[in-house]
Amino acid sequence: MGLMDFFKDAGEKLFGHNPSVDDIKKYIEKQGLSTKGLDLQYDPKSNRITIAGTVPDQATKEKLILCCGNIYGVSGVDDRLTVNTPTPPSQYYTVQNGDTLSKIALKFYGDSQRYPEIFEANRPMLSHPDKIYPGQSLRIPQQGPQQTRVAEQRPEQRP
């Protein structure tokens, strides 16, 4: 829980510069995520969204935070969500000019061919692996023990 900062001038443009709570909920639901039981508040003075409630898992929590934070004009999300089944959190990465999911996968996993893992972790907010933009925040899932061992092998040793 806590405050996560976002790049205010990047993201999905909703209606006007100051989206309403209803606009934010509609956007989240458009991404295939439920807002049932969630308390969403938007403060136009600070450009921050506060999100509270209980969600089933860590991935849902992270996707909700990214949905809110990747809205144009939002500079931060105050995470007050509780997770029913906690797991280790993902890392976050802010897309830079010239980035591709392959470059990001190489940086985090040591293997550019693992970009689909990052793509899937950020669906439905990402509709295509090539549609990322500077300033966008992405989830980078943790590596499992097997994944770590494969990433650490020399290319000729990889399966």
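Counting begins at 1 with the first residue of the sequence.
To the nearest 0.5 Å, atoms OH (Tyr133) and CG (Asn97) are separated by 13.5 Å. Between the CG atom of Leu106 and the OG atom of Ser112 there is a distance of 5.5 Å, given to the nearest 0.5 Å. Note that CD1 of Ile49 is 12.5 Å distant from CG of Asp79, once rounded to the nearest 0.5 Å. Here CZ of Arg139 is found 10.0 Å from CD1 of Ile65. Values are rounded to the nearest 0.5 Å. A distance of 7.5 Å separates OG1 in Thr82 from NZ in Lys61, rounded to the nearest 0.5 Å. Here CG of Leu101 is found 8.0 Å from CD1 of Ile140. Values are rounded to the nearest 0.5 Å.
Partners of Asn84 according to the side-chain contact (heavy atoms from CB on, under 4.5 Å) rule, which considers only residues two or more places apart in sequence or in another chain, are Thr54. Scored by the side-chain contact (heavy atoms from CB on, under 4.5 Å) test, Asp22 finds Ser20 as partners (sequence neighbours excluded). Taking Phe119 as the reference, nothing meets the ring pair (Phe, Tyr, Trp, His ring centres under 6.0 Å) condition, with sequence neighbours excluded. Partners of Thr60 under the side-chain hydrogen bond (donor to acceptor under 3.5 Å, both in side chains) rule, at least two apart in sequence or in another chain, are Asp57. Listed by chain and residue number, nothing satisfies the salt bridge (charged side-chain N to carboxylate O under 4.0 Å, His left out) test with Glu29 (two or more places apart in sequence, or in another chain). In this structure, the side-chain contact (heavy atoms from CB on, under 4.5 Å) partners of Lys131, at least two apart in sequence or on a different chain, are Ser127, His128.
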With side-chain contact (heavy atoms from CB on, under 4.5 Å) as the criterion, how do Arg80 and Thr50 come out once you've worked through the C-alpha distance, each side chain's angles and the decisive distance to 0.1 Å? CA-CA 7 Å; Arg80 298 183 184 180; Thr50 300; 3.8 Å; yes

Give the intermediate values and the outcome of side-chain contact (heavy atoms from CB on, under 4.5 Å) for residues Leu38 and Leu81. CA-CA 9 Å; Leu38 297 181; Leu81 294 168; 3.7 Å; yes

Where do Gln31 and Lys63 land on the side-chain contact (heavy atoms from CB on, under 4.5 Å) test, with the steps shown first? CA-CA 9 Å; Gln31 302 306 312; Lys63 287 182 178 188; over 6 Å; no

Take Thr87 and Gln58, measure what side-chain contact (heavy atoms from CB on, under 4.5 Å) needs, and give me the verdict at the end. CA-CA 6 Å; Thr87 56; Gln58 186 68 29; 3.2 Å; yes

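Across every non-hydrogen atom of Cys67 and Leu33, the tightest pair is SG-CD1, 3.9 Å. Here the closest non-hydrogen pair linking Cys68 and Ile24 is SG-CG2, 4.2 Å. Minimum interatomic distance between Leu66 and Met125 (heavy atoms only, all atoms of both residues): CB-CE, 4.4 Å. Here the closest non-hydrogen pair linking Leu40 and Lys25 is CD1-CG, 3.4 Å.
Side-chain atoms of Gln142 come within 3.5 Å of backbone N or O of Pro89 as a donor-acceptor pair. Of the possible polar contacts, none joining the Glu120 side chain to the Ile118 backbone as a donor-acceptor pair under 3.5 Å is found. One N or O on the side chain of Thr100 and one on the backbone of Lys103 form a donor-acceptor pair closer than 3.5 Å. Remark: the backbone N or O of Ser46 is paired with a side-chain donor or acceptor of Ser75 at under 3.5 angstrom. A donor-acceptor pair under 3.5 Å links the side-chain atoms of Glu62 to the main chain of Ser90, judged by distance alone.
Asp43 and Gln41 share no donor-acceptor pair across their side chains, judged by distance under 3.5 Å alone. When only modelled atom types and interatomic distance are considered, Tyr42 and Asp23 share no side-chain donor-acceptor pair under 3.5 Å.
Counting heavy atoms of neighbouring residues, nucleotides and ligands inside a 6.0 Å radius, atom OH of Tyr93 exceeds 12 of them.
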